[in-house]
Amino acid sequence: MGHITATERDARHLLRAIELASLGRGRTSPNPLVGAVVVKGDRAIGEGHHAALGEVHAEVAALATCSEDPSGATLYVTLEPCARHGQTPPCTEAIVAAGIARVVVGSDDPTEKASGRGLGVLRDEGVQVDVVDGEVAVAARLLNQPFRKHAKTGRPFVVLKAAMTLDGRVATRTGDSQWISGEYSRARAHRWRAEADAVAVGIGTVLSDDPLLTARVEGVFRQPRRVIFDSEARLSAGSELLRSVGDGAGGGNVILVSSRAASHPATAALEAAGVEVILATGENEIARVCSALRELGGRDIQSLLLEGGPHLAGAFLDAGEIDEIRTFVSPLVIGGRDARGPIEGEGIETVAQALRALSVEVERIGDDVLICARLREW
């Protein structure tokens, strides 16, 4: 078992496996996204992906679609095959039984239950195992950033989503923000909700906008859990969020993150209404953000879409817990010294201390421009 530089042929088949894996977005968590391609000679004879939680894994799906006997073939897979019995049998057993001669792996599985075990099992059975390096390996890792961060830290991968004007405002001086982004941008944001394990906002956003925080697009596999950072448990019984608890259409799950400043009657009333209340501990806001993320990670929340507002975004940034930023910039100008920007908090003193993005992607969506900036790689 060794690391190799991917050949053009290896990279081509792995990129196809990555494309297949992406088809499972929003459907596999807490399992990772995985795709696989079976190649014999110069032809792909089978391909598959992990379509949804509880369904067969990518390797088994690919082997099942093979147009001819896969014995002696090469299996390309985006993530190292599993070797443990879970909801489905180990993929290593299926690979060995099929007579696969070589397995080419795009990325490792950083969970304690994996950590190379599957690759070791295959090697012991006489299968040639190669783990690739280079750009295709990076692409395979980026496919599963929430899974990887959660496996390494126990905390969710945090994506900050914001919509701002050309002059960097997310609301007017009166707090009005509907709508800064255009219709197509809002549809994209709803797709992100459908792909995330949870969506989070601060109580200020709830009090001003009264959001439902559900994914309202076609093809939603499951609604995200809705997380409200509300240190004093001020969430109103008349809010859209509370009215939707238990109605089925809203996805039900509402988690409220409170602090010791919240009164017991207030939290008890919310729990009686069906809200799960988490106590975030710590002497300051940064510590409480970290405490909350540990609690959320312990509930199998691997990906968290942070939607606002600026105060909460600042606390996350100060805590070092924003992994990616997705910003819609609309062709509007608001002005006003009291109009708010997307991120507040303490911030830094000099530009030299600023957090620099590892990569940036830019896309035109209707009249808006979407900027996606990756801050960390896991």
Side-chain angles (χ1 to χ4, degrees), residues 146 149-150 153-164 168-171 175 177 189 192-193 196-209 211 213 224-235 241 254-262 266-267 270 275-299 301-327 338-350 353-357 373-376 378:
K149 182 183 179 183
H150 186 263
T153 70
R155 303 188 303 278
F157 185 85
V158 178
V159 174
L160 172 64
K161 169 247 161 182
M164 70 180 189
R169 307 301 207 270
V170 297
S177 62
W192 292 340
R193 286 182 181 178
D197 291 334
V199 176
V201 296
I203 186 60
T205 297
V206 175
L207 295 177
S208 63
D209 297 343
L213 300 179
R225 281 176 271 189
R226 296 166 292 170
V227 181
I228 315 304
F229 282 76
D230 181 8
S231 60
E232 297 180 3
R234 293 185 289 159
L235 184 62
L241 283 163
V254 174
I255 300 173
L256 186 132
V257 179
S258 70
S259 72
R260 299 192 189 282
T267 57
L270 289 169
V275 174
E276 181 179 2
V277 177
I278 292 175
L279 176 64
T281 58
E283 296 182 357
N284 54 48
E285 200 162 31
I286 292 175
R288 290 192 289 273
V289 164
C290 295
S291 171
L293 290 177
R294 288 192 298 271
E295 290 286 337
L296 295 173
R299 288 159 173 78
I301 293 176
Q302 295 183 354
S303 57
L304 183 70
L305 183 64
L306 180 60
E307 294 204 16
H311 179 86
L312 184 62
F316 269 70
L317 185 66
D318 290 342
E321 288 293 349
I322 295 179
D323 299 293
E324 184 177 329
I325 298 177
R326 301 174 186 172
T327 303
D338 295 326
R340 302 176 75 179
I343 304 177
E344 295 176 354
E346 291 297 319
I348 44 103
E349 294 184 0
T350 66
Q353 297 173 301
L355 184 62
R356 179 175 290 274
R374 180 166 51 86
L375 305 183
R376 291 182 183 81
W378 295 94

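All values below come from the heavy atoms of this structure, side chains included, with hydrogens, waters and symmetry mates left out.
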Pairwise distance [atom1]([X]) to [atom2]([Y]) - rounded to 0.5 angstrom:
| X | Y | atom1 | atom2 | result |
| --- | --- | --- | --- | --- |
| S259 | I278 | OG | CD1 | 13.0 Å |
| E324 | L375 | CD | CG | 8.0 Å |
| I343 | T327 | CD1 | OG1 | 7.0 Å |
| L304 | H150 | CG | NE2 | 11.5 Å |
| I286 | S291 | CD1 | OG | 13.5 Å |
| L306 | L317 | CG | CG | 10.5 Å |

Determine whether [X] and [Y] make a side-chain contact, defined as any pair of heavy atoms from C-beta on separated by less than 4.5 Å.
| X | Y | answer |
| --- | --- | --- |
| E307 | T205 | no |
| P310 | V170 | yes |
| V275 | L241 | no |
| D209 | V201 | no |
| L213 | V254 | no |
| F316 | L160 | no |
| L279 | T281 | yes |

Taking all non-hydrogen atoms of both residues into account, name the closest pair between [X] and [Y] and its distance.
| X | Y | answer |
| --- | --- | --- |
| A313 | P342 | CB-O, 3.6 Å |
| L305 | A189 | CD2-O, 4.3 Å |
| S303 | P156 | N-CB, 4.1 Å |
| P224 | A196 | CB-O, 3.6 Å |
| P146 | F157 | CA-CB, 3.5 Å |
| V277 | T267 | CG2-O, 4.0 Å |

Flag, side chain of [X] to backbone of [Y], donor-acceptor distance under 3.5 Å:
| X | Y | value |
| --- | --- | --- |
| T153 | K149 | yes |
| R376 | I322 | yes |
| D197 | Q302 | yes |
| D230 | G202 | no |
| D318 | E346 | yes |

- [ ] Could you walk me through whether V158 and L293 pass side chain to side chain contact (heavy atoms under 4.5 Å, CB included), step by step?
- [x] CA-CA 9 Å; V158 178; L293 290 177; 4.3 Å; yes
TODO: If a pair satisfies salt bridge (Lys or Arg N to Asp or Glu O under 4.0 Å) and one of its residues is in residues 276-293, list it, with sequence neighbours excluded.
DONE: E276-R299
- [ ] Assess whether atom CD of Q353 is packed by more than 12 heavy atoms of other residues, nucleotides or ligands within 6.0 Å.
- [x] yes
- [ ] List in chain and number order the residues that pass salt bridge (charged side-chain N to carboxylate O under 4.0 Å, His left out) with R340, two or more places apart in sequence or in another chain; answer none if no residue qualifies.
- [x] E344
